[in-house]
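Have a look at the structure below, then the notes.
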Amino acid sequence: MGIERVINPETSPEARFGYELRERRKKAGMTLAQLGARVALTGQQIGNVERGDRRMDEDRARRCEEALGLSPNDLAQHLPRRCRKNLTFRNFLPWLEREKRATEICAYEGLVIPGLLQTREYAEAICRGVPGVTPDQAQETVEARMQRQAVLRQGKTPYLYAVIDQGVLLRPVGSEEITRNQLQHLLTMGRSPNIVIQIVPLRAMSTSGLVAGFVIARTAADGDGAAYVDTPDGGRMVDRLESVERLKFWFQTIRADALPRADSLALIEKRLEQPWIWN
């Protein structure tokens with residue numbers, strides 16, 4: 001029998017659910033294999049859920065409640081919000097799995113700060129401005145975005161390379177205070193050893209970045225790669241080798257027009273020192 005990994009339920013929503021599942025399973029005196037057999041999973045898959053390495057959907061969480069003799073919602077209430085049925089962005093879930101396993105993430109944005117680097121207030125201002133989205137839907141999206149950022153705080157943190165157009169620094173979002181706080185957060189994150197932020201300056205006259213934002217995730221162990229491309233209806237994941245390779249080339253082309261890391265952070269600092277006049 002292997003050594004059981006200690007779970008810190010505060011590291012991510014998935015870790016919280018895994019912790020709660022393990023506690024209830026042990027209290028019921030059931031092994032991983034026994035619980036798995038009750039919900040059509042293997043013992044190893046249940047173990048992955050308990051360690052926070054795999055998500056469980058709401059239907060299976062309800063089946064676990066029945067198998068463990070729990071009252072309704074006793075376990076399901078701990079599911080990450082994006083795993084529940086009422087979410088409007090299920091097409092984003094496969095991407096979250098890829099991003100969570102990634103050892104390297106490359107993000108490009110020409111209109112807003114990349115989601116992995118957004119403050120809550122900045123994200124709220126963006127999500128509230130999406131046409132046709134209700135306040136509840138906007139808040140769900142914000143919560144999912146904040147939970148997604150856990151990949152930058154997990155034990156084995158991926159390297160993040162974020163390339164951002166200078167126009168993003170000039171665009172007010174929400175209010176002056178929200179925008180200033182976001183840029184200050186960007187500076188803080190950009191000084192992290194595993195995060196590289198580069199700005200494509202306006203003077204570069206670059207046209208290669210005049211595309212929708214996208215994110216590429218790569219896992220070094222198996223060379224597996226996928227990308228997520230923004231679209232007006234929420235975006236889509238692509239994992240065809242040809243498409244991912246084309247986006248990698250596109251990212252490197254845009255990055256070639258960007259300032260070095262230190263100069264990019266200096267440009268953000270300079271923007272924070274400037275008057276905030278928008279007309």
Side-chain angles (χ1 to χ4, degrees), residues 89 91-118 123 126 144-145 148-152 154 156-171 182-183 186-187 189-268 271:
F89 41 87
N91 60 333
F92 198 49
L93 297 181
W95 169 252
L96 295 174
E97 292 288 351
R98 294 292 191 114
E99 194 172 62
K100 185 177 178 181
R101 300 198 312 267
T103 54
E104 178 184 277
I105 299 173
C106 299
Y108 167 71
E109 279 291 351
L111 294 175
V112 295
I113 301 297
L116 286 171
L117 298 173
Q118 291 178 8
I126 290 174
R145 190 163 298 175
R148 176 188 168 206
Q149 293 177 3
V151 299
L152 299 179
Q154 61 190 10
K156 195 172 182 180
T157 307
Y159 291 101
L160 171 63
Y161 301 92
V163 177
I164 307 169
D165 191 89
Q166 185 180 354
V168 174
L169 308 184
L170 306 175
R171 180 179 297 279
Q182 173 62 74
L183 295 186
L186 198 61
L187 276 176
M189 298 298 285
R191 296 186 180 111
S192 301
N194 62 305
I195 297 176
V196 175
I197 294 174
Q198 292 180 261
I199 306 296
V200 179
L202 298 179
R203 68 171 184 268
M205 302 291 287
S206 175
T207 57
S208 55
L210 300 181
V211 295
F214 58 89
V215 186
I216 303 168
R218 188 178 69 87
T219 305
D222 54 13
D224 186 33
Y228 193 85
V229 182
D230 288 335
T231 63
D233 62 352
R236 61 187 177 87
M237 187 181 86
V238 295
D239 55 7
R240 290 180 62 250
L241 179 61
E242 298 84 355
S243 299
V244 175
E245 288 300 315
R246 176 173 172 76
L247 285 170
K248 285 181 183 177
F249 175 73
W250 213 330
F251 179 82
Q252 293 299 343
T253 301
I254 298 171
R255 190 179 183 189
D257 291 327
L259 296 171
R261 183 184 195 181
D263 292 348
S264 295
L265 297 182
L267 186 61
I268 298 172
R271 179 68 190 115

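Hydrogens, waters and symmetry mates play no part in the numbers below; they use all other heavy atoms, side chains included.
- Judged by distance alone, with hydrogens and angles left aside, the side-chain atoms of Q149 form a donor-acceptor pair with the main-chain N or O of G115 at under 3.5 Å.
- Rounding to the nearest 0.5 angstrom, the gap separating the CD1 atom in I164 from the CG atom in L169 is 7.0 Å.
- Pairing each heavy atom of A102 with each of T219, the nearest pair is CA-OG1, 3.8 Å.
- Using a 4.5 Å cut-off on side-chain heavy atoms (C-beta onward), Q182 and V112 make no contact.
- The shortest distance between side-chain heavy atoms of L117 and L160 falls below 4.5 Å.
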* Going through the checks in order, is the side chain to side chain contact (heavy atoms under 4.5 Å, CB included) test met by L170 and L202? -> CA-CA 11 Å; L170 306 175; L202 298 179; 3.9 Å; yes
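- Between the CD1 atom of I199 and the CG atom of D257 there is a distance of 13.5 Å, given to the nearest 0.5 Å.
- Minimum heavy-atom separation, V244 to A227: CG2-N, 4.3 Å.
- What you find for T157 and L152 is that their closest heavy atoms are CG2-O, 3.5 Å.
- A 4.5 Å side-chain heavy-atom check between L116 and M189 finds every atom pair outside the cut-off.
- Here the shortest heavy-atom pairing between V151 and K100 reads CG1-CA, 3.9 Å.
- With values rounded to the nearest 0.5 angstrom, R271 atom CZ is found 9.0 Å from Q166 atom CD.
- Side-chain N or O atoms of W95 include none that pairs as donor or acceptor with a backbone N or O of V238 at under 3.5 Å.
- We find the CG-NZ distance between L241 and K248 to be 7.5 Å, quoted to the nearest 0.5 Å.
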* Begin from the C-alpha positions of L187 and R191 and carry the test side chain to side chain contact (heavy atoms under 4.5 Å, CB included) through to its verdict. => CA-CA 6 Å; L187 276 176; R191 296 186 180 111; 3.9 Å; yes
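- A donor-acceptor pair is defined here as one N or O able to donate and one able to accept, closer than 3.5 Å; such a pair exists between the side chain of Q118 and the backbone of I113.
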Would you mind writing out the side-chain donor-acceptor pairs for residues 209-218 within the sub-3.5 Å range, not counting sequence neighbours?
none

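- I105 contributes atom CD1, which lies 9.5 Å from atom CD1 of I195 (distance to the nearest 0.5 angstrom).
- The two residues R145 and A123 make their nearest non-hydrogen contact at CD-CB, 4.1 Å.
- Taking the side chain as every heavy atom from C-beta outward, Y161 and F251 approach each other to under 4.5 Å.
- Shown here for A226 and R98, the closest heavy-atom pair between the two residues is CB-NH1, 3.3 Å.
- Taken from CG in L265 to CG in L259, the straight-line distance is 10.5 Å, to the nearest 0.5 Å.
- Counting heavy atoms from C-beta outward, I254 and S206 have side chains that stay 4.5 Å or more apart.
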